Amino acid sequence: MEYNIALLKGDGIGAEIVDSAVAVLVKVGEKFGHRFYFKPYLIGGCAIDAVGEPLPEETVKGCLESDSVLLGAVGGPKWDELPGDKRPEKALLGIRKALGLYANLRPAKMFPALKGASPLREDIISAGFDIMIVRELTGGIYFGERGIREGKFGEEAYDTEAYSVKEVDRIGRVAFETAMKRSKRVTSIDKANVLETSRLWRRTMRAIAAEYPEVQYSDMLVDNAAMQLVRDPKQFDVVVTSNMFGDILSDEASQITGSVGMLASASLGDTKRGMYEPIHGSAPDIAGQNKANPTATILSAAMMLRYSFGLGDEADCIETAVDKVLGMGYRTADIIGTAGGTPLSCSEMAERIVSAV
Ligand code: NAD
Ligand code: IPM
Ligand code: MN
């Protein structure tokens, strides 16, 4: 089979991690007899520098014409003083919206070889954990009305959160359907003790739960959830939450697996086309030093094969290769942890994974 993949490398470590994932996809293509065609497009700070805007029309068009999209990361200190609607991050929100990608799946799973890199105690993680965070991606406070105005104390800024029943319902259904294929537990995370949007969220989730009697449903307040995630992560299976809570909790969940450099994601909508993106950012502190962990992006490419192309065996092959390389003790700097191992650069780690495919 042939597949057209749009590459949005973006800024900072974006190029190194996307190049790593491309190398792995090429190897998988050779092994299983598929052809992947890659076409790069500008997004974020590099697009601002090259053409004066973070999300050029050509990028949106190229993504819409592709079978799927692989993203590195956007942003960096160079563009941090730009107004909100001209920032690199605005392009990421824009492309998610333009492609209709309302569901962001972020799997936070214990890698047995990385126990020594997790900040959690052995007794907490000895039984492992396997959480699927289902984050709403095109609504909430990220997309609400905002601005600067004169308030009671002079100049003030505001951002607003709005969620419609329709938006909550569609992300809720993704969560319950996902749970049906896993261990049939859904925890919905909100702040219903304070926020009106969360009360609507909770009411809508409970209505869906009534349609899925096989799924064990619970809701939890977000502050408690942040605590429970480090107290006993294995209590969670599928977690469904709003755009902002999902952003924050997934970075927390990533670190208990060993590093933010391990956590992949799939951004999905109603078509087969998705965007696959590591959950971390452009890591300006290590950009250009060949130090980044490419695994999150490589595992995101595996998710692309599974969710957009229906290539489950090929996706398994990448995931097994990652496990094998970790099992052999190869480590980028972020996952060396206390147990040690063989330190590798970004490109060396990618080469090891390519060889293990
Ligand atoms: P970050 O995720 O870029 O980095 C946080 C820390 O994690 C840094 O110490 C970094 O070195 C480390 N890290 C991240 N990815 C790593 C990897 N693959 N391997 C090893 N270490 C890794 O978050 P930040 O520093 O808060 O943000 C930096 C920039 O990235 C900001 O401009 C932000 O807006 C942007 N950002 C973009 C995305 C995205 O494009 N999806 C996501 C998050 C942040
Ligand atoms: C992420 C990032 C983005 C988000 C930013 C860069 C807009 O943090 O993908 O997690 O908040 O969605
Ligand atoms: Mn984030």
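Keep in mind it's a predicted model, so treat the numbers as computed, not measured. Whatever order the structure lists ligands and atoms in, that order sets their numbers, starting from 1.
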*asked:* Parallel, tilted or perpendicular: which one describes the rings of Phe32 and His34, with boundaries at 30° and 60°?
replied: parallel
*Would you confirm whether any non-hydrogen atom of the protein falls under 4.0 Å from atom 27 (O) of ligand 1?*
no
*Would you give the length of the straight line joining atom OG of Ser250 to atom CG of Asn104, rounded to the nearest 0.5 angstrom?*
7.0 Å
*Return the residue, atom name and 0.1 Å-rounded distance of the protein heavy atom closest to atom 6 (C) of ligand 2.*
Glu89 CG, 3.7 Å
*Spacing of Ser300 atom OG and Leu305 atom CG [to the nearest 0.5 Å]*: 11.0 Å
*Within a distance under 4.0 Å of any heavy atom of Gly76, pick out the atoms of ligand 1 and give their elements.*
32 (O)
*Among all protein heavy atoms, pick out the one at the shortest distance from atom 11 (O) of ligand 2; state its residue, atom name and that distance to 0.1 Å.*
Tyr142 OH, 2.6 Å
*atom 11 (O) of ligand 1: nearest protein contact (heavy atom, Å)*: Asp285 OD1, 2.7 Å
*Hey, which atoms in ligand 1 end up nearer than 4.0 Å to a heavy atom of Gly261?*
17 (C), 18 (N)
*Identify whether the distance between the nearest side-chain nitrogen and carboxylate oxygen of Asp223 and Lys191 falls below 4.0 Å.*
yes
*If you round to the nearest 0.5 Å, how far is OG1 of Thr197 from CG of Leu200?*
8.0 Å
_Proximal atoms of ligand 1 relative to Gly75 (non-hydrogen, under 4.0 Å)_ = 32 (O)
_Residue-level breakdown please: for Thr297 versus ligand 1, do any non-hydrogen atoms fall below 4.0 Å on the side chain, on the backbone, on both, or on neither?_
neither
*Any donor-acceptor pair under 3.5 Å from Arg149 side chain to Glu155 backbone*: no
*asked:* Counting backbone and side-chain atoms alike, is an N, O or S atom of Asp247 positioned under 2.8 Å from the Mn ion (ligand 3)?
replied: yes
*For ligand 2, is Arg135 a contact, meaning one of its heavy atoms is under 4.0 Å away?*
yes
*asked:* Once you restrict to heavy atoms under 4.0 Å, what part of Asn293 touches ligand 1? Side chain, backbone, both or neither.
replied: both
*Could you grab the distance from atom CD of Gln255 to atom CG of Leu263, nearest 0.5 Å is fine?*
10.5 Å
*Quick one: look up the protein heavy atom nearest atom 5 (C) of ligand 2 and list residue, atom name and how far away it is.*
Leu92 CD2, 4.3 Å
*Among all protein heavy atoms, pick out the one at the shortest distance from atom 1 (C) of ligand 2; state its residue, atom name and that distance to 0.1 Å.*
Arg106 NH2, 3.5 Å
*Of the side chain and backbone of Arg96, name the one, both, or neither that has a heavy atom under 4.0 Å from an atom of ligand 2.*
side chain
*Identified salt bridge (charged side-chain N to carboxylate O under 4.0 Å, His left out) partner of Asp219 from the options Arg199, Arg202, Arg203*: Arg202
*Quick one: look at Ile17 and ligand 1, take heavy-atom pairs under 4.0 Å, and tell me if it's side chain, backbone, both or neither.*
neither
*When you check the gap from the basic side-chain N to the acidic O, do Glu319 and Lys109 get nearer than 4.0 Å?*
no
*Starting from atom 25 (O) of ligand 1, which protein heavy atom do you reach first, and at what distance in Å?*
Pro284 CD, 4.3 Å
*Consider every N or O of His280 and every N or O of ligand 1, then say whether any pair is closer than 3.5 Å.*
yes
*How many angstroms lie between atom CG of Asn243 and atom CD1 of Ile248, to the nearest 0.5 angstrom?*
10.0 Å
_Nearest protein heavy atom with distance in Å, relative to atom 2 (C) of ligand 2_ = Asp247 OD1, 4.0 Å
*Do the charged groups of Arg182 and Asp130 touch, with an N to O distance under 4.0 Å?*
yes
*Looking at atom 18 (N) of ligand 1, would you say a protein heavy atom lies below 4.0 Å from it?*
yes
*ligand 1 and Ser282, any nitrogen or oxygen pair closer than 3.5 angstrom?*
yes
*asked:* If I take atom OG1 from residue Thr59 and atom NZ from residue Lys61, how far apart are they, to the nearest 0.5 angstrom?
replied: 11.5 Å
*For atom 39 (C) of ligand 1, what is the nearest protein heavy atom, given as residue, atom name and distance?*
Leu92 CD2, 3.6 Å
*Parallel under 30°, tilted from 30 to 60°, perpendicular over 60°: which one fits the rings of Tyr3 and Phe309?*
parallel
*Can a protein heavy atom be found under 4.0 Å away from atom 5 (C) of ligand 1?*
no
_Taking 4.0 Å as the limit for heavy-atom contacts, which would you say applies to Asn243 with ligand 2: side chain only, backbone only, both, or neither?_
neither
_Backbone or side-chain N or O of Ala283 under 3.5 Å from ligand 1 N or O_ = yes
_Under 3.5 Å donor-acceptor, Asp11 side chain and Gly75 backbone_ = yes
*Quick one: which of Glu89, Arg87, Met349 has a heavy atom closest to atom 33 (C) of ligand 1?*
Glu89
_ligand 1 versus Ala296: contacting region, heavy-atom distance under 4.0 Å_ = neither
*Where do Glu53 and Leu55 land on the side-chain contact (heavy atoms from CB on, under 4.5 Å) test, with the steps shown first?*
CA-CA 6 Å; Glu53 49 177 332; Leu55 185 58; over 6 Å; no
*Decide side-chain contact (heavy atoms from CB on, under 4.5 Å) for Tyr217 and Ile208; before the verdict, give the C-alpha distance in whole Å, the side-chain angles of both, and the deciding distance to 0.1 Å.*
CA-CA 10 Å; Tyr217 173 81; Ile208 306 171; over 6 Å; no
*Which heavy atom of the protein is the closest neighbour of atom 2 (O) of ligand 1, given with residue, atom name and distance?*
Gly281 N, 2.7 Å
*Could you find the nearest protein heavy atom to atom 14 (C) of ligand 1 and give me its residue, atom name and distance?*
Val260 CG1, 3.5 Å
*Are Arg306 and Asp316 ion-paired here, with the side-chain N under 4.0 Å from a carboxylate O?*
yes
*Tell me, which protein residue and heavy-atom name are nearest atom 37 (C) of ligand 1, and how many Å apart are they?*
Val74 O, 3.1 Å
*Under 4.0 Å from a heavy atom of Ala292: give me the atoms of ligand 1 that qualify, with their elements.*
19 (N)
*Which one holds for Arg87 and ligand 2: side chain close, backbone close, both close, or neither close, with close meaning a heavy atom under 4.0 Å?*
neither
*N/O donor-acceptor pair under 3.5 Å between Ser118 side chain and Lys115 backbone*: no
*Within a distance under 4.0 Å of any heavy atom of Ile286, pick out the atoms of ligand 1 and give their elements.*
11 (O), 20 (C), 21 (N)
